[in-house]
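Along the sequence shown, the residues carry numbers beginning at 1. Hydrogens, waters and symmetry mates are skipped; everything else that's a heavy atom, side chains included, is used.
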Amino acid sequence: MSQDLFIKNIRRLYTPLTADAEDPARPVHEVANAAVLILNGRIAEIGVERDVCRNAPNDVPVLDAEQRVALPGFVDCHAHPVFVGERSHEFHRRNAGTTYQQIAAEGGGITASAQALAEASTEEMVRQSLPRLDRCLLCGTTTLEAKSGYGLVWEQERKQLEAIGRLRQCHPIDLVPTFLVHSVPASRENEREAFIEEVCGRMLPAVAEKHLAEAVDVFCEDGAFAVEESRKILMCAQELGLEIKLHANQFGHTGGARLAAELHAMSADHLEHLSDEEIAALADTKVVCVLLPACIVFLGNLPYPRARKLIEQGARVAVATDMNPGSSMTESLPLCQTIAAVHCRMNPAELLWAVTYDAARALRHHHRIGSLEMGKEGNITLWDIPHLEYLSYHFGAPLLTHAVVRAQVVVSQGRIGYGN
Ligand SMILES: [Zn+2]
């Protein structure tokens with residue numbers, strides 16, 4: 001398979017630049033009549049087409065962008081794309097007035113996903129997840145986080161991480177695995193301390209030793225893990241050389257955001273409830289604040305995070321899907337951008353940074369992806385839009401025409417193309 005590609009005839013190309021990474025104004029670099037040359041999977045030349053053409057070898061495959069807009073491949077830095085079954089009935093029951101707590105008490109919620117996963121083979125997990133990864137590509141996502149966390153007990157968590165590992169081998173999307181410590185299994189509720197000991201003494205060392213995940217995430221909320229429990233797990237992960245992140249402050253001021261700042265986590269995710277002091281702590285420590293607006297729409301009863309205040313204070317802000325069967329059933333980062341535009345009042349430049357460079361920073365992969373610059377991986381998307389501002393304005397429509405992952409054209413004319 002060719003690792004080279006010359007993309008020509010781009011109407012406008014937009015990208016963040018590493019040189020602006022600390023600029024709070026979040027400037028976007030724009031090139032009209034652009035072209036990109038990818039050699040060995042990395043961007044070798046980028047700029048105005050007539051300049052790039054001079055250096056393009058004759059035998060490189062050509063992709064004609066036909067005057068479309070080019071953007072960096074999106075980075076979805078918070079997602080749970082590997083699961084079994086679906087929970088549409090819970091969504092509609094909630095809409096009819098049943099509370100999440102009632103549904104959970106009846107064996108729904110995460111317990112339902114854990115049971116479906118426990119009954120499925122690794123092959124079945126892979127089979128059910130593949131179409132989701134395709135849909136991510138069709139929405140412009142070329143790098144996707146994949147969390148475990150539906151196994152709960154180690155045997156099942158390991159199975160889920162193995163499924164993620166197999167998906168990395170057989171699907172072209174750039175998958176970044178995370179070990180999520182989601183909740184104490186119901187069967188172990190009376191022995192929480194022993195379960196946390198097992199997480200620290202057995203699960204985390206196995207994850208680190210076998211390179212099953214790059215980071216450890218803890219669901220730090222009432223009903224999941226308390227701050228002290230989360231601190232213990234996350235410090236143990238850090239000692240093993242794993243990156244750390246938290247589900248924090250979704251349902252209240254639970255202390256997760258402060259803990260993320262204290263431990264210098266890669267990211268603090270959700271953040272629907274933030275005080276001025278919590279915002280200052282996240283901004284000072286450069287923890288990436290990952291906002292998940294689709295989850296708020298889906299659950300219907302949470303406030304939107306204070307994105308303007310975060311941005312004013314100089315915090316790094318990313319936007320992600322939180323794709324999962326219970327609280328955010330979507331692969332679409334463009335949809336998340338529209339919701340963040342309306343409800344978090346983020347502008348088009350901030351939104352582009354939030355789903356590219358700063359999202360890559362939330363995974364600590366910004367040295368290789370997240371912007372279109374020389375030396376970075378050739379992950380590029382083409383869109384049927386006149387300019388950047390149009391993307392979040394025209395919502396819910398399939399506007400992507402092409403996606404390129406490391407020079408491989410994986411979506412062509414709006415259709416999955418890597419199998420051909
Ligand atoms: Zn999540």
Any cation-pi pair here, Arg158 with Phe179, using under 6.0 Å and within 45°?
no
Atom pairs and distances, donor-acceptor, side-chain atoms in residues 235-246, under 3.5 Å, two or more places apart:
| residue | atom | partner | partner atom | Å |
| --- | --- | --- | --- | --- |
| Gln238 | NE2 | Leu263 | O | 3.0 |
| Glu243 | OE1 | Arg364 | NH1 | 2.7 |
| Lys245 | NZ | Glu145 | OE2 | 2.7 |

Can you confirm if the NZ or CZ of Arg68 lies within 45° of the ring axis of Trp383 and under 6.0 Å from the centre of its six-membered ring?
no
Below 4.5 Å, heavy atoms only, C-beta onward: do Cys295 and His270 meet side chain to side chain?
yes
Is there a donor-acceptor pair closer than 3.5 Å between any side-chain N or O of Thr356 and the backbone N or O of Leu352?
yes
With sequence neighbours excluded, tell me which residues meet ring-ring contact (aromatic ring centres under 6.0 Å, His included) with His387.
none
Quick one, Asp269 with His247, criterion side-chain hydrogen bond (donor to acceptor under 3.5 Å, both in side chains). Give me CA distance, side-chain angles, the key distance, then yes/no.
CA-CA 5 Å; Asp269 303 32; His247 279 66; over 6 Å; no
Measure across Ala362 and Cys77 and return the closest heavy-atom pair with its distance rounded to 0.1 Å.
CB-SG, 3.9 Å
Donor + acceptor pair across side chains of Thr321, Asp76 (<3.5 Å)
yes
Taking side chain as C-beta onward, heavy atoms only, is Glu278 less than 4.5 Å from Arg258?
yes
Taken in chain and number order and not counting sequence neighbours, the residues that satisfy salt bridge (Lys or Arg N to Asp or Glu O under 4.0 Å) with Glu272 are none
Which side-chain N or O atoms in residues 296-304 pair as donor and acceptor under 3.5 Å with protein atoms at least two apart or in another chain?
none

Name of the residue among Gln156, Glu157, Gln160, His80 meeting side-chain hydrogen bond (donor to acceptor under 3.5 Å, both in side chains) with Ser148:
Glu157
Distance-only criterion, 3.5 Å: show the donor-acceptor pairs between side-chain atoms of residues 167-174 and protein atoms not counting sequence neighbours.
| residue | atom | partner | partner atom | Å |
| --- | --- | --- | --- | --- |
| Arg168 | NE | Leu175 | O | 3.1 |
| His171 | ND1 | Ile173 | N | 3.1 |
| His171 | NE2 | Asp134 | OD1 | 2.7 |
| His171 | NE2 | Tyr418 | OH | 3.3 |
| Asp174 | OD1 | Arg368 | NH2 | 3.2 |
| Asp174 | OD2 | Thr143 | OG1 | 2.6 |
| Asp174 | OD2 | Arg368 | NH1 | 3.1 |
| Asp174 | OD2 | Arg368 | NH2 | 3.0 |

Going by ring-ring contact (aromatic ring centres under 6.0 Å, His included), name the residues that satisfy it together with Phe395, two or more places apart in sequence or in a different chain.
none
Indicate whether the side chain of Ser113 and that of Arg87 have a donor and an acceptor atom separated by less than 3.5 Å.
yes
Please report the C-alpha distance between His273 and Asn249 in whole Å, then the side-chain angles of each, then the deciding distance to 0.1 Å, and finally whether the side-chain hydrogen bond (donor to acceptor under 3.5 Å, both in side chains) criterion is met.
CA-CA 5 Å; His273 298 84; Asn249 290 46; over 6 Å; no
